[in-house]
2 protein chains.
Amino acid sequence: MLQAHPSGGAGQPNHAAIFAALGDETRLALVAKLSAGQPYSISRLTEGSHITRQAVTKHLRVLEEVGLVRSMRAGRESLFEFNPEPMEEVKEYLDLVSKQWDNALSRLKAFLED
Amino acid sequence: MLQAHPSGGAGQPNHAAIFAALGDETRLALVAKLSAGQPYSISRLTEGSHITRQAVTKHLRVLEEVGLVRSMRAGRESLFEFNPEPMEEVKEYLDLVSKQWDNALSRLKAFLED
DNA sequence: CTAATATGCAATTACTAAGTTGCGTATTAT
DNA sequence: ATAATACGCAACTTAGTAATTGCATATTAG
């Protein structure tokens, strides 16, 4: 059977945690904005949002914990940039699940044609 | 900018909701089991689990709400089967994000080489 | 028919997450 | 130096989620 990764320290892919981080409209919007390439400060990311800076900050920390974004201090502001690795990680996982499903269908088809 | 889908009724892909449904170890395990092809009853899915049947039922309902599984009643048992469409949906979305990121890097590279 | 199996519904508990507010501190601009 | 900007920390409220328990109902097996 397809087995979920045991969850682990940094670098080890915790698929569920990554999905959970993406499972929020606000965070999904942040990822979309940051994946455009440019790093943004927290204030910048809060602009045009209906929620407070603190709320945005919390969401960014969630994204950072699973590695979807990285942050660096630049003077008085803290810049966030997108990091693609966790996303590739879950894409591979979803491909595995899809592949398992396709194989199952193929076997069923072969069985029925026999 | 990459814009999240406005969230909508059935069929309309609510990416965040699908990610949220996948963002739980238990549900991820259920999806993995069901993607092997065979439909399972709730009791069957509860077997070998540390949580109760009711808990499993609730997780299945969450998965069903975003369309990742479908259920049908068969006599006294209710069978759940995997449905790949929402998964394909989010895979496409992740590809879009990845592509946006890659394009951004390409532009940066081109700019630096100029 | 009766017992065992499989499920559904409802109430409850404990925990987590989203969001806010207030306040303090560091950094930059005038 | 002072004011404005950008941020971090902590307490708190509210709402949602995971999971349990108890009980009722439908279905199948003996």
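Residue numbers begin at 1 in each chain, while the letters A, B, ... track the order of the sequences. Small disclaimer: the values here were computed from a predicted structure and weren't measured. Only heavy atoms go into these numbers, but all of them, side chains included; no hydrogens, no water, no symmetry mates.
- To the nearest angstrom, C1' of C:dT5 lies 16 Å from CG of B:L45.
- Heavy-atom distances to DNA chain C give each of A:G75 and A:A20 a nearest nucleotide, and the one nearer the 5′ end belongs to A:A20.
- Looking at which nucleotide of DNA chain D each of A:K58 and A:S78 is closest to, the 5′-most match is held by A:S78.
- In this structure, CZ on A:F82 lies 11.5 Å from CZ on A:R70, to the nearest 0.5 angstrom.
- When rounded to the nearest whole Å, the span between CZ of B:R76 and P of C:dA6 equals 5 Å.
- Contact annotation for B:Q54: base contact, defined as any heavy-atom pair under 4.0 Å involving a base atom.
- When each of A:L63, A:V62, A:L30 is paired with A:L68, the side-chain contact (heavy atoms from CB on, under 4.5 Å) condition holds for A:L63 and for no other.
- Within the 4.0 angstrom heavy-atom criterion, only backbone atoms of the sugar-phosphate kind lie near A:R61; the bases stay farther away.
- Summarising the geometry, the separation between CD on A:E25 and P on C:dG19 is reported as 11 Å, rounded to the nearest angstrom.
- Dashed line: the shortest gap from a side-chain N or O of A:T52 to OP1 or OP2 of C:dT20 is under 4.0 Å.
- Between the side chain of B:E81 and the backbone N or O of B:G37 there is no donor-acceptor pair closer than 3.5 Å.
- For the OP1/OP2 pair of C:dG19 and a distance below 4.0 Å, the side-chain nitrogens and oxygens of A:H59 include at least one atom meeting the criterion.
- Atoms CG and OG, from A:L60 and A:S71 in turn, are 8.5 Å apart once rounded to the nearest 0.5 Å.
- In this model, the phosphate group of C:dA18 is not approached by any side-chain N or O of A:T26 to a distance below 4.0 Å at OP1 or OP2.
- Counting 5' to 3', DNA chain D first comes under 4.0 angstrom of a heavy atom of chain A and last does so at the ends given by D:dA4 to D:dA11.
- Take the nearest nucleotide of DNA chain C for A:R73 and for A:V62: the residue whose nucleotide is more 5' is A:V62.
- Note: A:F19 and B:F19 have parallel aromatic rings, judged against thresholds of 30 and 60 degrees for the angle between ring planes.
- Using modelled atom types, one side-chain atom of B:R27 and one backbone atom of B:A20 make a donor-acceptor pair closer than 3.5 Å.
- Scored by the side-chain hydrogen bond (donor to acceptor under 3.5 Å, both in side chains) test, B:E88 finds A:S98 as partners (sequence neighbours excluded).
- Among the atoms of the strands shown, only primed sugar atoms or phosphate atoms (P, OP1, OP2) are found under 4.0 Å from some heavy atom of A:S43.
- One N or O donor and one acceptor, one from the side chain of B:R53 and one from the base of C:dG8, sit under 3.5 Å apart.
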